[in-house]
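Working notes for the structure below.
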There are 2 protein chains.
Amino acid sequence: MKKIILIYGASLATLVFLLKYLEYQFFVRDLSLEFYLSVVALLFTGLGIWAGLRLTRNKVVMVRVATEFKSNETELERLGISKREREVLELMAKGFSNQEIADRLFVSLNTIKTHSSNLFLKLEVSRRTQAIQKAKELCLIP
Amino acid sequence: MKKIILIYGASLATLVFLLKYLEYQFFVRDLSLEFYLSVVALLFTGLGIWAGLRLTRNKVVMVRVATEFKSNETELERLGISKREREVLELMAKGFSNQEIADRLFVSLNTIKTHSSNLFLKLEVSRRTQAIQKAKELCLIP
DNA sequence: TTTACTTTCACCCAAAAGTATGATTTGATG
DNA sequence: CATCAAATCATACTTTTGGGTGAAAGTAAA
């Protein structure tokens with residue numbers, strides 16, 4: 001920051017000196033005010049852009065990339081997991097109880113139990129926490 | 001891009017017009033060349049910075065953050081979660097049952113139940129699946 | 001020492017989860 | 001049409017989990 005300010009000061013000083021020099025040394029009096037202004041405007045626009053980039057160059061923006069989830073169809077098929085079972089799995093992973101899942105899918109609690117039991121068999125696990133883990137590893141769910 | 005160029009043109013024209021207007025209307029002839037240049041330099045530096053930022057604003061650099069897990073001590077302390085509770089939480093997240101956790105930590109099943117109950121209270125959840133989720137969100141566990 | 005916190009454990013009860021088996025319906029496929 | 005897989009539900013039973021209460025032992029701080 002200090003460096004940038006110094007550079008700016010130096011630039012301005014040099015420029016003014018240069019113009020004065022030209023003016024007095026070579027009697028270049030026919031250069032209009034507009035010309036001077038244009039030159040200065042251009043130069044300092046360039047400097048401004050440079051400074052702007054300089055100031056923000058190292059700003060690495062931390063973005064939680066949505067990692068646009070690509071469901072692993074292959075694995076789902078290989079394990080023989082049906083659409084409905086996958087739905088149940090997803091709600092399970094969101095922390096819902098079997099009853100809540102049943103309510104959301106408009107089916108009975110027993111149905112969800114059946115689905116989850118089948119899921120555990122196919123995933124070769126015995127608890128829902130393990131099922132969630134394994135499913136995430138295999139990219140079956142986000 | 002076109003818009004930016006237009007804005008630049010308009011700015012320069014307006015400025016020149018303004019200066020001319022001042023100069024001729026109020027005979028403010030004692031304003032030095034240096035003053036004009038300074039004003040112009042400042043203005044166009046600002047414009048330059050603005051343009052520079054404008055041009056690079058949407059450039060989001062994609063960085064695969066190594067996510068080398070940094071346990072969130074602050075949050076652990078804020079929630080009042082003890083060392084032992086965190087251990088239980090971690091094993092829970094690995095899919096172990098309370099009994100398995102008890103065996104691993106060489107304590108009784110009841111102890112684990114107490115720990116997990118306290119955990120649920122502190123994490124404001126009611127099921128272990130939710131606890132795992134929340135703990136991962138808060139970076140309490142990997 | 002008193003206080004507060006952690007860790008440990010017990011008991012009881014209720015709710016949730018998981019297992020096993022069997023049955024019905026439906027849609028797709030050969 | 002017969003068959004098969006998927007989806008649904010039930011009943012019964014066991015295990016796991018969660019909630020509430022209480023309490024003992026150890027540690028660290030006030």
**Asked** Do the side chains of A:L138 and A:L76 get nearer than 4.5 Å, heavy atoms only?
**Response** no

**Message:** Under the rule for side-chain hydrogen bond (donor to acceptor under 3.5 Å, both in side chains), what residues qualify as partners of A:E77, not counting sequence neighbours?
**Reply:** none

**Prompt:** Nearest nucleotide by nearest heavy atom, which residue falls closer to the 5' end of DNA chain C, B:I81 or B:F106?
**Reply:** B:I81

I need the [atom1]-[atom2] distance between [X] and [N], as an integer number of Å.
X      : N     : atom1 : atom2 : value
B:N118 : C:dC5 : CG    : C1'   : 12 Å
B:H115 : C:dT7 : NE2   : C1'   : 6 Å
B:L119 : C:dT6 : CG    : P     : 12 Å
B:L105 : C:dT7 : CG    : C1'   : 12 Å

**Message:** If I take atom OG1 from residue B:T74 and atom CG from residue B:L79, how far apart are they, to the nearest 0.5 angstrom?
**Reply:** 10.5 Å

Pairs touching [range] that satisfy salt bridge (Lys or Arg N to Asp or Glu O under 4.0 Å), sequence neighbours left out:
range                       : answer
residues 131-142 of chain B : none
residues 99-108 of chain A  : A:E100-B:R127
residues 114-126 of chain B : B:E85-B:K122

Can [Y] be reached from [X] by stepping across I, L, V, M, F, W or Y side chains whose heavy atoms are under 4.5 Å apart?
X      : Y      : answer
A:I81  : A:V125 : yes
B:L109 : B:L119 : no
B:I132 : A:L140 : no

Check: residues 87-94 of chain B side-chain donor-acceptor pairs under 3.5 Å, at least two apart:
{"residue": "B:E87", "atom": "OE1", "partner": "B:R84", "partner atom": "NH1", "Å": "2.9"}
{"residue": "B:E90", "atom": "OE1", "partner": "B:R86", "partner atom": "NH2", "Å": "2.5"}

**Request:** Tell me, please, the opening and closing nucleotides of DNA chain D, 5' to 3', among those with an atom under 4.0 angstrom from a non-hydrogen atom of chain B.
**Result:** D:dT17 to D:dG19

**Message:** Any base atoms under 4.0 Å from A:S82, or only sugar-phosphate, or nothing? Heavy atoms, all strands.
**Reply:** sugar-phosphate

**Message:** Considering only residues two or more places apart or on different chains, which pairs with a residue in residues 111-121 of chain B satisfy side-chain hydrogen bond (donor to acceptor under 3.5 Å, both in side chains)?
**Reply:** B:S108-B:T111

**Request:** Produce a footprint string for nucleotides 16-30 of chain C: one letter per nucleotide, 5' end first; B if the base is under 4.0 Å from any protein heavy atom, S if only the sugar-phosphate is, - if neither.
**Result:** -BBB-----------

**Between the first and last five pairs of the helix from C:dT1-D:dA30 to C:dG30-D:dC1, the angle of the axes, rounded to 10 degrees** = 40°

